[in-house]
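Structure first, then comments.
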Amino acid sequence: MGYERQPDFGTPLSKSEEQVSLTIDGREVTVPAGTSVMRAARQCGGDIPSLCATDSVKAFGSCRMCLVEIEGRRGTPASCTTPAEPGMVVHTQTDRLAKLRRGVMELYISDHPLDCLTCSANNDCELQDTAAEVGLRDVRYGYEGANHLGTTPDLSNPYFLFAPDKCIVCSRCVRACDEVQGTLALTVDGRGFASLISAGTREDDFLSSECVSCGACVQACPTSALMEKSVKQLGKPERSVITTCAYCGVGCTFRAEMKGNQLVRMVPWKDGKANRGHSCVKGRFAWGYANHQDRITSPMVRDSIEHPWREVSWDEALAFAADRINSIKAQDGARALGGITSSRCTNEETFLVQKLVRGVFGANNVDTCARVCHSPTGYGLKTTFGTSAGTQDFDSVEQSDVILVIGANPTDGHPVFASRMKRRLREGAKLIVIDPRRIDLVRSPHIEAAYHLPLQPGTNVAVLTAMAHVIVTEGLADEEFVQERCDWDEYQDWARFVSDSSHSPETLERVTRVPAAELRAAARLFATGGNGAIYYGLGVTEHSQGSSTVMAIANLAMATGNIGRPGVGVNPLRGQNNVQGACDMGSFPHELSGYRHISDAEARSLFERDWGVALDTEPGLRINNMLDAAVDGTFKAIYIQGEDILQSDPNTQHVADGLRAMECVIVHDLFLNETANYAHVFLPGSTFLEKNGTFTNAERRIQPVRKVMDPANGYEDWQVTQLLANAIGAEWDYQHPSEILDEIARLTPSFAGVSWDMLEQRGSIQWPVNDQFPDGAPVMHVDGFASGKGKFVVTEYVPTDEKTGPRFPLLLTTGRILSHYNVGAQTRRTANTAWHPEDLLEMHPVDAENRGLKDGGWTRLASRTGETTLRVKVTDRVAPGVVYTTFHHPETQANVVTTDYSDWATNCPEYKVTAVQVTPSNGPTDWQEDYVEFAERSRRIAEQEPAE
Amino acid sequence: MSAAETEEKLTYMVNQIARNFAVRGEDAAVAATAEHIKLFWDPRMIAAITGGDQEDISSIARQAVERLRD
């Protein structure tokens, strides 16, 4: 589409079901009760000028531009703050109003630079438009009086600037920060003429303030006072394309606003159903990696990882890879081959990679990065509910009364959803946080958890069992729901188990370190506080009992009747943009798309007929087993699309040993990531801006990804996989991802009704989409569970085998930070490094004091597996005995110290519990120094020989 | 990895699975452990565990492995 500003109705949509009819400028209009006169006028195509109103925030009534006349009423009320009423007769354009509006506009313009022609908002400025609309022709006061011209702009934020001279102090930015983002970083400092938008104190600038750079203020600004630096540099966009963000599992929809083939800015799309017009610093601003100088756009090969890379043609690279794959298959069999799909790539690309492994390689050795994050969610929710997915849409949180967050840090990991959750909490919902760290949600402006249970890492199951004990023994379970919806016998077995005194909060307190009284109170609140919703993340899954914890969560939801309606449910917050989709698409070695086991002959035959090949009937290897088998000599080649297992997977040395043992490692990625140091073939990848396809977010929402520019490497990723398949001997002929989506729909019952055209028409839809659910399912298990009856599973607490002791007395847990994403391959190549240039080790002041460590000092972090060095941040955010770090920087390689321990059911690594010791350090470890030297050597690219 | 290291690792995995099913009672836990391995393990892993001599293996895990041999 060409460039148009997104529609703005001035005030938020009313959700009332009651309708009112009124007359505006002679036209009869019917709107939901509670709708403002301004919105009613704009919805019927009329317009009322305004400056302080925008539909993402509540009406403010300060700018006095939106005045109207209402028959039978005195004065000229502001239309933004006046609700529509039955029979009301409104006039929006009269001589009296025109005179008033011109007078107000005159005052605004008397203190505004008249540099429209050179202003970055020229032709995209609400102030400019409004001046034109009211017919302002001169300013009687002149421009010589006191004004704000010449004030110094704040350029501190890497992505946007604040120019006080352009500011009309409409407070839209302040209100957006308060109401949309919920950070409350901005304020209007001073009074009257001295009023100035301020990010905190007078000493703060935007970068040093509490501002999280979500961009809501920039989007709300009606002038160029808050403006993207990219627009200032490149000019106004000329077209826009709606697409889906490729960062976290929230799946925000954006307008990619373009100038030619150049991206000018990403603006959250107001009609996006996951984000509802909001964004975070990553999706909104951190897209510069797409054009980073480190991007590799030519295929490369080498015979050995000791050799430098050779840039070659696509044909040569594909032939090189195909020769090795075919020769290994001939010599060692298909089971020596495998692949890893990417949760960052589209459904269609992921589907093709698993098709390549199963149908062309001939084995089921396909796995995905969900192995190391949410594989326990798949196992746990399928076992209990019958479906490997969360139960709700994000809108559901608006109807929650008690929100339980366990093992998740939404303000950092899923910030746009966190803003929606915080809005509900400000409205009065109660919050329970179960987390070893005092995450921001525990206490932040206008938010305070009713209960924070700071458990000992590794004791999730014990805490949830103790909560269940309280609910059952105090008669708080919803047995009517259970009898109707769940297997009653299994419930009774479970209830007997949790009721045992050995599972009381008092008994388990010595294990969990959670005060029993607090835990009892939290359990009572969850069971009796109204709609109870559970949100969880990797702090649940990445444990040796990850799957047990997921099932314990499901038990708790069923026992309290919190399933099957808006406001409740079990909600896994997915780490990457397409974790849900990658799992749906058959990326696990034991199951085909739609979660059907490979041993299911009926399901398998569907694929065999469609693909024209016989499939291996046995499950394949998981990632960690592939690495073991490589060292054993039975696994020899791997194709890795969009995944950096060396940095992201546990026990880095184990990963390195496995990769080094393979004869052919094919890495398909944007950059020479850490895994590529061990690769023989590098196939350049394309960014989400350069491809078509679909992502599926954490709420099962299938959303289109649209190409906004040509791939810098020449091909979309699905095309590269097709080229590789065909080089090996397949005869694929997909012309567009829509054809792959058709194949997915043909073979996957939960996607049966999905098509490209349907998504173009609807924008998005939540699976299942089939004859039973032609419009998708925002909330699952409404009338019954997918498996019939909900299944209670007894989950006994089994302590991890990773133990602290004299040598390693502290527990390390790992996580993410707002400004970075996963291994940082993308965000480290953007200005987001301004907020987080390195991984830090958080440590309690007592532990730091005992070790003679000072804030900012270098430390050596050692475990039974390995050691690294990083700087320490002394903070009481972590409890004594617990330390915490992120894994965004390869220089640190936090996974050098994490262990091989993993979830008993899925082998999801136990990232969250590692026994460590921390000591003062003078510099990097030998491993770090050796690795830097190895990585530099491994990334050498041979110079091209000049043509004859 | 040597064959012994592989077997040690697989034995740890079977023990861990069995430990988590133990709450169901011995007979059910044996069946569940064997079924879990059949559903999720690659054939070479099953061959390695059933072909080994299984030192340091729990009672439930041992019975599950024996069931896999049948």
Side-chain angles (χ1 to χ4, degrees), chain A residues 333 335-336 338 363-365 367 375 379 383 461 465 493-494 497 544-548 551 588-591 597-600 616-622 624-635 654 657-658 661 793-801 900-907, chain B:
Chain A
R335 286 179 177 171
N364 290 316
N365 299 323
D367 210 354
S375 50
Y379 179 89
T383 303
V461 171
T465 303
D493 287 344
W494 173 80
F497 172 80
S544 61
Q545 280 205 293
S547 292
S548 301
M551 293 189 287
F588 288 132
H590 64 280
E591 62 193 8
H597 199 272
I598 192 70
S599 63
D600 177 343
D616 191 338
T617 61
E618 302 283 350
L621 294 163
R622 297 167 174 174
N624 45 347
N625 306 132
M626 291 183 206
L627 296 166
D628 289 341
V631 177
D632 285 345
T634 63
F635 185 84
H654 171 240
D657 290 346
V793 176
V794 173
T795 55
E796 185 183 22
Y797 168 60
V798 178
T800 173
D801 288 321
D900 279 332
Y901 290 121
S902 64
D903 173 46
W904 66 271
T906 66
N907 288 132
Chain B
M1 290 174 85
S2 66
E5 285 172 326
T6 299
E7 191 183 333
E8 184 183 349
K9 193 165 187 174
L10 295 176
T11 301
Y12 178 85
M13 289 168 66
V14 183
N15 280 338
Q16 193 188 12
I17 295 164
R19 178 68 189 84
N20 277 275
F21 281 131
V23 68
R24 301 184 179 189
E26 184 160 318
D27 289 348
V30 168
T33 303
E35 179 67 11
H36 187 90
I37 291 170
K38 271 170 63 181
L39 283 174
F40 297 110
W41 282 29
D42 172 271
R44 80 198 80 177
M45 294 165 67
I46 295 177
I49 194 70
T50 53
D53 51 13
Q54 299 151 34
E55 291 177 10
D56 300 324
I57 195 165
S58 71
S59 169
I60 293 172
R62 177 180 293 107
Q63 293 176 69
V65 170
E66 283 167 5
R67 192 168 293 194
L68 288 169
R69 283 202 192 101
D70 296 338

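Every chain is numbered from 1, with letters handed out A, B, ... down the list of sequences.
- If you measure heavy-atom distances from A:Asp493 to chain B, you find no contacts under 4.5 Å at all.
- Residues B:Gln16 and A:Tyr901 form no side-chain contact, since every pair of their non-hydrogen atoms from C-beta on lies 4.5 Å or further apart.
- The closest side-chain donor-acceptor pair between A:Asp801 and B:Tyr12 falls under 3.5 angstrom.
- Ranked by heavy-atom pairs under 4.5 Å with chain A, the list B:Val23, B:Ile17, B:Leu10 is led by B:Val23.
- Only the backbone of A:Asp903 comes within less than 4.5 Å of a heavy atom in chain B; its side chain stays farther off.
- In this structure, chain B has a heavy atom under 4.5 Å from the side chain of A:Phe497, while its backbone stays farther away.
- Looking at A:Gln545, its side chain never comes within 3.5 Å of a backbone N or O of B:Asn20 through a donor-acceptor pair.
- In this structure, chain B has a heavy atom under 4.5 Å from the side chain of A:Ser548, while its backbone stays farther away.
- For A:Arg335, the parts sitting under 4.5 Å from any heavy atom of chain B are the backbone and the side chain alike.
- Looking at A:Asn364, there are no atoms closer than 4.5 Å to chain B (heavy atoms on both sides), in backbone or side chain.
- No side-chain heavy atom of B:Leu39 sits under 4.5 Å from any side-chain heavy atom of A:Glu591.
- For chain B, the nearby parts of A:Ser544 are the backbone and the side chain; heavy atoms of each come within less than 4.5 Å.
- In this structure, the side chain of B:Arg19 does not engage the main chain of A:Val798 through any donor-acceptor pair within 3.5 Å.
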